[in-house]
Amino acid sequence: MKVELKDDVIVVEGRIDSITVDEFNEKVTEIISGMKEEEPVTLDFDNMNYISSAGLRALLLIIQGEHPLTIKNVCSEVNEVFEVTGFSELMDVETK
């Protein structure tokens with residue numbers, strides 16, 4: 001799992017699952033804490049192909065915060081998870 005800020009976009013590579021979710025939370029929280037209130041958060045999932053329920057909970061924490069969330073470059077498998085769980089209604093999702 002790799003999480004880094006590039007040009008105001010948080011780039012996520014790998015998987016968000018029970019093994020990597022703590023690292024994801026830590027890095028994303030650190031990045032978001034440096035942002036202005038209500039500034040939009042954009043995650044780039046171009047190199048991410050799996051998200052577990054632990055990852056969904058992590059995204060829910062971001063959604064419940066003070067920043068609107070957009071996730072771009074979402075693969076079809078992850079997008080299906082967002083659709084089935086209703087997460088696609090809670091945030092902006094842009095597929096590949």
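- Listed here is the closest heavy atom pair of Asn79 and Val74: N-CG1, 3.4 Å.
- Thr29 places no side-chain N or O within 3.5 Å of a backbone atom of Glu26 that could act as its donor or acceptor partner.
- The minimum heavy-atom distance between Arg15 and Met1, with the atom names listed, is O-CE, 2.9 Å.
- With respect to Met48, the side chain to side chain contact (heavy atoms under 4.5 Å, CB included) criterion is satisfied by exactly one of Val11, Val78, Val3: Val78.
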For this session: Evaluate the side chain to side chain contact (heavy atoms under 4.5 Å, CB included) criterion for residues Ile10 and Val41: first the C-alpha distance (whole Å), next the side-chain angles of each, then the deciding distance (0.1 Å), finally the verdict.
Result: CA-CA 8 Å; Ile10 301 170; Val41 172; 3.9 Å; yes
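- For Glu23, the CD atom is densely surrounded, since the number of other residues' heavy atoms within 6.0 Å is greater than 12.
- Glu39 contributes a side-chain N or O that, together with a main-chain N or O of Lys36, makes up a donor-acceptor pair within less than 3.5 Å.
- In this view, Lys6 and Glu4 satisfy the salt bridge (charged side-chain N to carboxylate O under 4.0 Å, His left out) rule, not counting sequence neighbours.
- The number of heavy-atom neighbours closer than 6.0 Å to CG of Asn47, taken from other residues, nucleotides and ligands shown, is above 12.
- Rounding to the nearest 0.5 Å places NZ of Lys2 at 15.0 Å from OG1 of Thr20.
- A distance of 11.0 Å separates CG in Leu43 from CG in Asn73, rounded to the nearest 0.5 Å.
- Here the closest heavy-atom approach between residue Val12 and residue Phe24 is recorded as CG2-CE1, 3.9 Å.
- One hydrophobic cluster holds both Val81 and Ile71 under the rule that ILVMFWY side chains link at heavy-atom gaps under 4.5 Å.
- Closest heavy-atom contact between Ser18 and Ser52: N-OG, 3.8 Å.
- The aromatic rings of Phe87 and Phe82 lie parallel to each other, their planes meeting at an angle below 30°, with 60° marking the opposite boundary.
- There is no path of hydrophobic side-chain contacts, each under 4.5 Å, that joins Leu61 to Ile31.
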Problem set entry | Verdict with reasoning, Leu56 to Ile51, per side chain to side chain contact (heavy atoms under 4.5 Å, CB included) | CA-CA 7 Å; Leu56 292 176; Ile51 189 164; 4.2 Å; yes
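- In terms of hydrophobic clustering, with Ile, Leu, Val, Met, Phe, Trp and Tyr side chains grouped at heavy-atom distances under 4.5 Å, Ile16 and Leu5 are assigned to a common cluster.
- Note on Ile19: it does not cluster hydrophobically with Leu59, by side-chain heavy-atom contacts below 4.5 Å among ILVMFWY residues.
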For this session: Quick one: do His67 and Met35 satisfy side chain to side chain contact (heavy atoms under 4.5 Å, CB included)? Show the steps, please.
Result: CA-CA 9 Å; His67 302 274; Met35 297 173 73; 4.0 Å; yes
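- Minimum heavy-atom separation, Ala58 to Val21: CB-CG2, 3.8 Å.
- Residues Lys72 and Val9 come closest through the heavy atom pair CE-CG1, 4.1 Å.
- Distance CG/Asn49 to CD/Glu77: 7.0 Å, rounded to 0.5 Å.
- The neighbour count for Lys96 NZ, taken as heavy atoms of other residues, nucleotides or ligands under 6.0 Å away, is above 12.
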